[in-house]
Amino acid sequence: MARFCVCVAPTTDRARAQVLAMGAIGGAGPGAIVRRADLALLRGEPGPAEGPFTACGLTAAGEVTLHNRPVLLNALAAACDPAPVRCTDGELLLRMWAVLGAEGVALAEGMFVLAVLDGTDLVLIRDHLGARTVFYARAQGAWAASTSLRALRRWPALGTSVNLAAVRSFLTFAYLPGEETLLTGVREVLPGRVLRLSPDGSVSETVHWEPTERLDTSGAEGRQDRVLALRSLLEDAVACRLPEARPVAVLLSGGVDSSLVTALAAKLHSRPVRTYSISFGDELPNELGYSGMVAAHCGTDHRVLNVSGTTVAARLAEAAALLDSPVGDPLTVPNLLLAEAVADEGATVVLNGEGGDPVFGGPKNLPMLVQEMQREAGAPWDEDRATAYLRSYRKCWTDLPVLLTPRALDALRDAPLPQRFVEPYLLAGPRSPYRMEGLLNQLLHCNVRTKGSHHILTKVERLTSSQGIEGRAPLFDRRVVDHAFAVPAGDKLRGTVEKWILKEAVRDLLPGTVVDRPKSGMRVPVQQWLTGPLRDLGNDLLLGPEARRRGLFRQDTIRTWMKGEGTLLPRQGGKLWLVLTLELWLRSYGL
Amino acid sequence: MTSRRPPVTGTRALSAPTGARVLARAKEYALRAAIGAAAARAAEPGGLRFTERQLYFQTCRVLDPSPTVLSRVPRTVRPYLRLSSFSRALDAMGRDTVEGLLPPAPAGAPAPERESEPDLHAYGLPRLLVCQDRSIARMLLANHVHLEAACPVLAGEDALLLDARLTAALERAGEATVYVLHDAGPLGIALPGRVRAALGALPGVRVSSLGLVPRHARAMRLPAGRGPVRPAELAGLPATLRPQETAWLARGRFAEVAAVPPDRLVRGVLRLTRGPRVPRASVWTGLRDLRTTGFLTWPDPTGRH
């Protein structure tokens, strides 16, 4: 269990000192010495890091899980530079990079980040969808990178503090949607990118993969072929993520996405499939009936995990501290508890149905379509697409003027606006590489690149890693995503049926009531928690001296929300949850 | 812009103000204060935007002298302020100085549509809201009801000749509802029927009233006006109205949606348009007729939603 860190500095000694300061134990071993650089594992931190290792004259460390090794081995063989069949996933990816460059990385299917010392440059590689994360920073003429944000926080040269622009982004999105982190000077490598950091401080970026709209033009006649092609891709995506000769777990919410993953896992795996669901109490609306039905239908070993508000209160700080960037999602503690349960019962791989909504057109697209229908230049409600998108998030964006203190608002006056994270996808010009013709595809592209990469996958990876297991998301398979952007948008949102093609592709595997039921979602009793078991914690944290001293939030607004007042719709609980999550995260990082 | 009178000079300035002038000035200050308080109240919570007419009714509520104990007795009330006095005071204050006040709705059809993506109307539209009053439609849009409820908001006159793309999108949904938000007056109560007739026979699309009938106006103690009575309009009233409601309308009385407090209006519209579709008509045809005149949908007695 480890993460890694790397430093490139003017001298080898300085690089080594920086890596040690970040918490590295040991350093580059024999045969892996690189001048003016050091690369090492951070033991004791939860993660699957391996390295340093050397191949093709390059030294690297990484967190690499590949799902299509045979394809990559064949590609290297075809390039007349075969790799040892038994080499690790990290070494195989390094060889792909060394031999085939960014195109080689694009061929890899999996979850990975890789740091490569290439001459005097540091090269950082991140997977297509962002299943794993790597951060980097520059200070005193040196570059440092790590898969642990906490390690970079320990880097004395950096002298970091709270990044207020990121605070605003977090309150707007409930996660950090792009390269920024809550630490000033520290950035995240974006998914699908290869970043080359040079000693002179320059940064060059190569895109190895980006969703593109290569539409199948066969029209209605080709619809059945598209459905069958998707089914085949889904089977491949699940099959290649199943652990060989070991049991597999699936998080089963009862929705169509996790149900189809369960059904395919049960069909394709030779070992037992265990499924896990969450309950917040019988008195609340839940989907346990559906998940139980799917579990029975697929013959899985099913377990329901009861999560009480008291447990959430007890574990919230721990869950917040496990995340490198906070996620204001009330499911973090339940997800952590599920990961614990899976690990306790001996599974090492847990599949999930994440990705169905952002990739195939789940709910929340219709409001943006309507918004666009109602655009009227100069009207009191008219606002650009990116701004409306932020509003559609329904988090704290519209509350910022009353939530943040005048001092914080003043400091943010010239800071870049959060719209910048979604504008590339929603307002792309005709020549932009991000341009998609269809509005629905623009929205989905935006969802995949923001919420998918920076919320869903990040959260899953950090929480499952903390328990020594791997969370895998077949619906975020790069080939599945490519196919989703190749089918006409009307095959995704057909009439008002969301994810139509996904449902059609698995209709034979699941009970009709599961495939065709409307999305209801599980109700997380945030408001009850905040007025019950989390009340004292919330009061102490948000109105206590430490929060007051930090001076980010207006105490009167927090008090008003705690009384259940101050907003048109009863969303105070969700808003307070964001503030509480952020406060816990800042405390865990000593900020 | 606040309009200011030129300073008074000469012998008139030296003469002492009469009691009537002092009283008039005091009334003017009181009215301005009331409008200011009404604007603050209309914008709560969360900085809502409101129309001039809504501000007028809110000012009436601020000036309402009824004791609290009577505030729950169902009845309509007379506006406590002349509209002309309100308009004069608002002019004197300057409309731009009132935060949250929307500019008047432009006359005529809305601005021509700009170009957008080709697939914008290619999907299904499960709901559409038609407002009798263009200003109310613009107020709901200004408060982003359309985004929140995923529901286009149109003015009645635009809905009577509905864009073919919207009609197709409603039909494509398979089961869509056109909600009609209307006043408690003969024209308003007849509007759902007119919208239904204008839409024609669209499979799976039904028209449902979200509007007011006299009993709602009474329950919410709305300020009600009086106007000329047109027998032809009264002839078209649904038979399901109670006799006393028909009589109330026959006396020329009416109550406007604009008289509903803005927060209550937005919450109500959101609750009703975002919620699950009301089950289809049963054999109880009388109940169906009542529902299409707003029965059981309005108002929410708690006023919270």
Report yes if the side chains of [X] and [Y] come closer than 4.5 Å at any heavy-atom pair, otherwise no.
| X | Y | value |
| --- | --- | --- |
| A:R385 | B:S116 | yes |
| B:P126 | A:L366 | yes |
| B:V153 | A:V370 | no |

Backbone of A:L440 reached by a side-chain donor or acceptor of B:D119 within 3.5 Å: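 Flag set: sc B:D119 to bb A:L440 pair under 3.5 Å.
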Just how far is it from atom [atom1] of [X] to atom [atom2] of [Y], taken to the nearest 0.5 Å?
| X | Y | atom1 | atom2 | result |
| --- | --- | --- | --- | --- |
| A:L568 | B:R264 | CG | CZ | 13.0 Å |
| A:R391 | B:L147 | CZ | CG | 7.0 Å |
| B:E115 | A:R375 | CD | CZ | 13.0 Å |
| A:E376 | B:R138 | CD | CZ | 5.5 Å |

Exercise: identify the closest heavy-atom pair between A:L369 and B:L120: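 Heavy atoms only, the tightest pair is O-CD1, 3.4 Å.
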Closest heavy-atom pair and its distance - B:Y123, A:A489: OH-CB, 3.1 Å
Closest-packed option against chain A by number of heavy-atom pairs under 4.5 Å, given B:G46, B:A122, B:C151, B:P103: B:C151
Interface moiety of [X] toward chain A, non-hydrogen atoms closer than 4.5 Å:
| X | result |
| --- | --- |
| B:L48 | side chain |
| B:R49 | side chain |
| B:L102 | side chain |
| B:H146 | both |
| B:A173 | both |
| B:E171 | neither |

Engaged part of A:Q371 at the chain B interface, taking heavy atoms whose separation is under 4.5 Å: both
Which atoms of A:E565 approach chain B - backbone, side chain, both or neither, heavy atom under 4.5 Å: neither
Candidate pair B:E148 and A:L569, rule side-chain contact (heavy atoms from CB on, under 4.5 Å), full reasoning: CA-CA 11 Å; B:E148 182 68 37; A:L569 298 172; 3.7 Å; yes
Neighbourhood of chain B inside residues 424-436 of chain A, taking heavy atoms under 4.5 Å as contact: A:R435
Out of [options], return the one with the most heavy atom pairs under 4.5 angstrom to chain B.
| options | value |
| --- | --- |
| A:P488, A:P380, A:G490 | A:P380 |
| A:R394, A:E437, A:R494 | A:R394 |
| A:A388, A:G438, A:A379, A:G378 | A:G438 |
| A:N365, A:D382, A:T496 | A:T496 |

Neighbour count >12 (heavy atoms, 6.0 Å) for atom CD, B:E157: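 Buried by this count: over 12 neighbours within 6.0 Å.
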Heavy-atom neighbours of B:R194 CZ exceed 12 at 6.0 Å: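 Open.
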Contact list for residues 554-577 of chain A, test ring pair (Phe, Tyr, Trp, His ring centres under 6.0 Å), sequence neighbours left out: A:W529-A:W577
Audit row: A:M373, B:L166, side-chain contact (heavy atoms from CB on, under 4.5 Å) steps and yes/no: CA-CA 10 Å; A:M373 287 177 198; B:L166 287 180; 4.0 Å; yes
